[in-house]
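The sequence lines fix the lettering, A, B, ..., with proteins before strands; numbering per chain opens at 1. Since this is a predicted model, take the numbers as computed values, not measurements. All values below were derived from every heavy atom in this structure, side-chain atoms included, with hydrogens, water molecules and symmetry-related copies excluded.
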Number of protein chains: 2
Amino acid sequence: MQRGIGASSAGRGGRVYTVLQQAIVDQALPPGTRLPEDSIGAQFGVSRTIVRAALQRLAADGLVEMKVKRTATVARPSLEEARAVFEVRRCLEREVARLVAEKWNDGFAARLAAHIAEEQQAADGGDSKATVRLAAEFHVKLAGMSGNPLLVRYVTEVVSRCSLILSVFGRPHQSECAIGEHRTILEALAAGDAARAAAAMDHHVALVERRGVGGETAAEPDIGEILARYLPLAAVADA
Amino acid sequence: MQRGIGASSAGRGGRVYTVLQQAIVDQALPPGTRLPEDSIGAQFGVSRTIVRAALQRLAADGLVEMKVKRTATVARPSLEEARAVFEVRRCLEREVARLVAEKWNDGFAARLAAHIAEEQQAADGGDSKATVRLAAEFHVKLAGMSGNPLLVRYVTEVVSRCSLILSVFGRPHQSECAIGEHRTILEALAAGDAARAAAAMDHHVALVERRGVGGETAAEPDIGEILARYLPLAAVADA
DNA sequence: GGCGGAAATCCGGTATACTAGAAATGATGT
DNA sequence: ACATCATTTCTAGTATACCGGATTTCCGCC
């Protein structure tokens, strides 16, 4: 599993799209980062045409913001957007759980068990980047088992956006998906209990949301307040 | 309400996108229709760059097919795709019903009643094109009332695709959305009964699917079988 | 007369040139 | 010393040129 979340289409533009998407969900490119078409094109050895197409796709996915005549930036989701995305995600993933339970077979069980083992290994090894990526892939893999390509597309999109959201609102270096919760889902599916699987999934997504966005209103990152917190340090540095 | 389903973004490319989308869901451009970038650009007085971007968006929406090095065409959904789209649509619209029931208020009631009246008027006037368009807009409007922009986007997409699907599999000139079913949904919402509203919506979408795609497997349009049906006619013509 | 291949044509993929608007930088006056 | 305005630079929007692959057309051959 070298690939990230989305298997891209066009050979050339697809590369740019995939790399950018991975970089964004991996938080290698934090929200607000400028994404000038020229420099990115130079980086990849392609023209602006290609980069532009990739950025437009990313914008459609909600991962980058493209305002007219302004340099594209990595999206900085608002709290409302975050809630909206999680709301849709819960709805979609409940359906995924239902459908996968319906179509359940031993191959699924084996694949998911292997995936969870991989997650455990990454977590044990302290590889937090891999942990986050594998957690997201768990959900996409599950969606794939529903046999519904549109559902896969939507889940992929919504999971990616959740990663971005967590990078804005979540406490850093916190594993978003408790592996145990994935195990619980797998168990419910293996038991052939669609309702329990859907409930477990719903609960899991709710927990991810709570861990990431938090129960309170948590206010937009206020630049003034942040700087104020640094004033004492500046005073020390001055002395 | 002059606009069709999607309010587009960029002034220039948005125009092309919107017009093409409308033309496709109105079945003015039947599935399989070639969409050469040059001629479309000439038509709109813009360059291929713009048209290409619009086509790419449409392709992402599942309304056009873009294979490499091949002229884009209006998508011709397969039966499996059709089922997949309806499956997701049911899931999304159930959620819409739930959410709208939660946020219900008199303004919503008035707006929906007015919309349904418009539908009735179009149906009475025998304007089948308007009837179809208004039926689709009912669902998008409802989604808008959920207050969830992502949900609106997904519902819009999925409803558009359903229109296209019905144009392939549905009997022609059949009103897809019985207006009575819309009224039933409105009543359930007005009664503040979220569960009943969700059920009514689910039932409605299921009916739309049944009317369009049909209950049986109905097999892909088999070119051989279709031609065979014409053989007797050819014999007569020969005589 | 229908079939297969070569030439001509069409058309999509990509790079690039040009324009103009936005942001950054520096100059000028109070 | 600061604010305002001019200038310069950066970069997005769009058109267009060029290339190569796909499609069609047409001609000669069986």
Side-chain angles (χ1 to χ4, degrees), chain A residues 6-21 23-24 29-76 223 227 238, chain B residues 6-21 23-24 29-76 223 227 234 237-238:
Chain A
S8 66
S9 42
R12 212 106 84 134
R15 234 185 81 74
V16 179
Y17 172 84
T18 306
V19 171
L20 248 32
Q21 144 133 339
I24 292 173
L29 297 172
T33 307
R34 285 164 50 92
L35 301 168
E37 299 174 358
D38 281 333
S39 20
I40 295 176
Q43 188 70 25
F44 284 93
V46 299
S47 80
R48 282 179 52 210
T49 309
I50 308 294
V51 177
R52 194 171 174 72
L55 288 177
Q56 277 164 343
R57 273 180 73 186
L58 259 354
D61 292 349
L63 294 183
V64 321
E65 278 166 18
M66 291 184 82
K67 295 193 269 225
V68 269
K69 283 281 188 183
R70 271 183 182 58
T71 305
T73 60
V74 176
R76 189 192 302 284
I223 185 70
L227 291 184
D238 273 348
Chain B
S8 66
S9 41
R12 210 107 84 129
R15 234 184 78 74
V16 180
Y17 172 84
T18 305
V19 172
L20 248 32
Q21 145 134 340
I24 292 174
L29 296 172
T33 307
R34 285 164 50 92
L35 302 167
E37 298 174 359
D38 282 332
S39 20
I40 295 175
Q43 189 70 24
F44 284 92
V46 298
S47 79
R48 281 180 52 209
T49 309
I50 308 295
V51 178
R52 194 171 174 71
L55 288 177
Q56 277 164 344
R57 273 180 75 187
L58 259 356
D61 292 349
L63 294 184
V64 319
E65 278 167 16
M66 290 184 83
K67 295 194 269 226
V68 266
K69 284 279 190 184
R70 279 193 175 50
T71 305
T73 60
V74 177
R76 190 193 301 282
I223 185 72
L227 290 183
D238 272 347

When A/Leu63, A/Leu29, A/Val64 are each screened for side-chain contact (heavy atoms from CB on, under 4.5 Å) with A/Gln21, the one that passes is A/Leu63

Would you indicate which nucleotide in [options] comes nearest to any side-chain atom of [X]?
X       : options                : answer
B/Asp38 : D/dA15, D/dA17, C/dC11 : C/dC11
B/Arg48 : C/dA17, C/dG12, D/dT11 : C/dG12
B/Ser47 : D/dT14, C/dT14, D/dT11 : D/dT14
A/Ile50 : D/dA12, D/dA15, C/dT14 : C/dT14

Extract from the structure each pairing of a protein N or O with an N or O of nucleotides 20-23 of chain D at less than 3.5 Å, listing the distance.
{"residue": "D/dT23", "atom": "OP1", "partner": "B/Arg70", "partner atom": "NE", "Å": "3.0"}

Please name the pair of heavy atoms, one in [X] and one in [Y], separated by the smallest distance, quoted to 0.1 Å.
X       : Y       : answer
B/Glu65 : B/Ala75 : OE2-CA, 3.8 Å
B/Ala72 : B/Leu55 : CB-CD1, 4.1 Å
A/Val16 : A/Ala54 : CG1-CB, 3.8 Å
B/Asp38 : B/Arg48 : OD1-CD, 3.0 Å
A/Ala53 : B/Gln56 : CB-OE1, 4.3 Å

How close or far is atom [atom2] of [N] from atom [atom1] of [X], stated in whole angstroms?
X       : N      : atom1 : atom2 : value
A/Leu55 : D/dG13 : CG    : P     : 10 Å
A/Leu35 : D/dT11 : CG    : P     : 12 Å
A/Lys67 : C/dA22 : NZ    : C1'   : 13 Å

For nucleotides 5-7 of chain D, which of its nitrogen or oxygen atoms have a protein nitrogen or oxygen under 3.5 Å away, and what is each distance?
none

**Prompt:** Could you go step by step and tell me if B/Val51 and B/Leu35 meet the side-chain contact (heavy atoms from CB on, under 4.5 Å) rule?
**Reply:** CA-CA 10 Å; B/Val51 178; B/Leu35 302 167; over 6 Å; no

- Message: Within the 4.0 Å heavy-atom criterion, would you say B/Thr49 contacts the bases, only the backbone, or no part of the nucleic acid?
- Response: base

So CZ of A/Arg15 and CG of A/Leu20: to nearest 0.5 Å the spacing works out to 11.0 Å

Does D/dA12 have its OP1 or OP2 closer than 4.0 Å to a side-chain nitrogen or oxygen of A/Arg52?
no

